[in-house]
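Please read all numbers here as calculations on a predicted model, not as lab measurements.
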Amino acid sequence: MASSAAHHATPRPGPEAAGASGLGREVDRFFEIARGFGASALIYDYTPRHRETDGTVTAPAVMMVRNLDPGMIDYWCGRGYAHVDPVQAVAVNSVAPFVWSYDAEAGDLSASFLTRNSRPVVEFISASGFVNGITVPIHLPGGGYVTVNGLWNGPGRAFAAVAAQVLPGFALMAQAFQNDIGAPAPADPAPPQPQPQPRAPALSARERECLDHAAQGRSAKETSRLIERSVPTVVMHLNAAVRKLGARNRSHAVAEAVRRGLI
């Protein structure tokens, strides 16, 4: 498995700050409950609408993680990982709790979640060691929804037996937790600010690296081998760079990055 060093990024403050410190304390409290069921990590997120106009799953407006790399917040909320997260894809259309695994040996428990498009998400989560989970989707009045996700480590086949025992209790406690806290409050409106002067887009180190390889004529497949990441992950970084640079395509993005001294 590729190294997880590239995943350690400073999270954007917005998604978690929108939940306010009170929500953070409640998530801490529920994490202790989740640990009582054997979970080793927790993800809580709130999304105000299910999908974007193009049909992709909307990125969370509030996201909190416990015992996971906090850089996950930036990847899911700012870099498009939410759009290809197979667990979120199921949660959007489900009202029932469900069990999943990213362990390829878990059989039916993992088959529908291990797809080509989901590889960037699977690589990120697998690097944490917590490859099994229970997700409780909670749909709220007004169209928003919450997912409460407990994560377990260990072999997927063994987790299937554990999940059968703890799923009902974990789901019931997650529902009670959400009923107690209600929908996360949006952040207070910011006062009007002077328009900032245009500045160079903040490309991540990985986005610059992928652009640099593209500038040297390397394909996404060749780049994936050099940086030890999957092809879909390379493509995601390149597409993020195209978007940030306001470019029409990858070639235009390379030209813009060179012109602006970014690579």
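The closest side-chain heavy-atom distance from Asp103 to Pro155 is below 4.5 Å. Side chains of Arg35 and Asn67 form no contact here, defined as non-hydrogen atoms less than 4.5 Å apart.
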Inset, instruction - Applying side chain to side chain contact (heavy atoms under 4.5 Å, CB included), run through Asp45 and Gln88 and close with a yes or a no. - result: CA-CA 10 Å; Asp45 57 66; Gln88 284 287 72; 3.8 Å; yes
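Considering only residues two or more places apart in sequence or on other chains, Arg29 meets the salt bridge (Lys or Arg N to Asp or Glu O under 4.0 Å) condition with Glu26. By the salt bridge (Lys or Arg N to Asp or Glu O under 4.0 Å) test, Arg208 pairs with no residue at all, sequence neighbours left out. Here Val121 pairs with Trp76, Tyr81, Val84, Asp85, Pro86, Tyr102, Ile125 under the side-chain contact (heavy atoms from CB on, under 4.5 Å) rule; sequence neighbours left out. Contacts of Arg259 classified as salt bridge (Lys or Arg N to Asp or Glu O under 4.0 Å), with partners at least two apart in sequence or in another chain: Glu256. Listed by chain and number, the residues in a salt bridge (Lys or Arg N to Asp or Glu O under 4.0 Å) with Arg49 are Glu52 (sequence neighbours excluded). Evaluation of the ring-ring contact (aromatic ring centres under 6.0 Å, His included) rule for His252 yields no partner, not counting sequence neighbours. Applying the ring-ring contact (aromatic ring centres under 6.0 Å, His included) rule to Phe30 yields the partners Phe170, Phe177; only residues at least two apart in sequence or on another chain are considered. Partners of Val242 under the side-chain contact (heavy atoms from CB on, under 4.5 Å) rule, at least two apart in sequence or in another chain, are Ala247, Arg250, Ala253. The side-chain contact (heavy atoms from CB on, under 4.5 Å) search around Ala257 returns Leu211, Leu245, Leu262, Ile263, not counting sequence neighbours. Listed by chain and residue number, Arg116, Arg119, Pro120, Ser230 satisfy the side-chain contact (heavy atoms from CB on, under 4.5 Å) test with Pro232 (two or more places apart in sequence, or in another chain).
Evaluation of the side chain to side chain donor-acceptor pair (under 3.5 Å) test over residues 159-176, restricted to residues two or more places apart or in two chains, returns none.
Across all non-hydrogen atoms, the minimal contact from Ala59 to His83 is N-CE1, 4.1 Å.
Hydrophobic cluster of Val231: the remaining members, joined at side-chain heavy-atom separations below 4.5 Å, are Val235, listed by chain and number.
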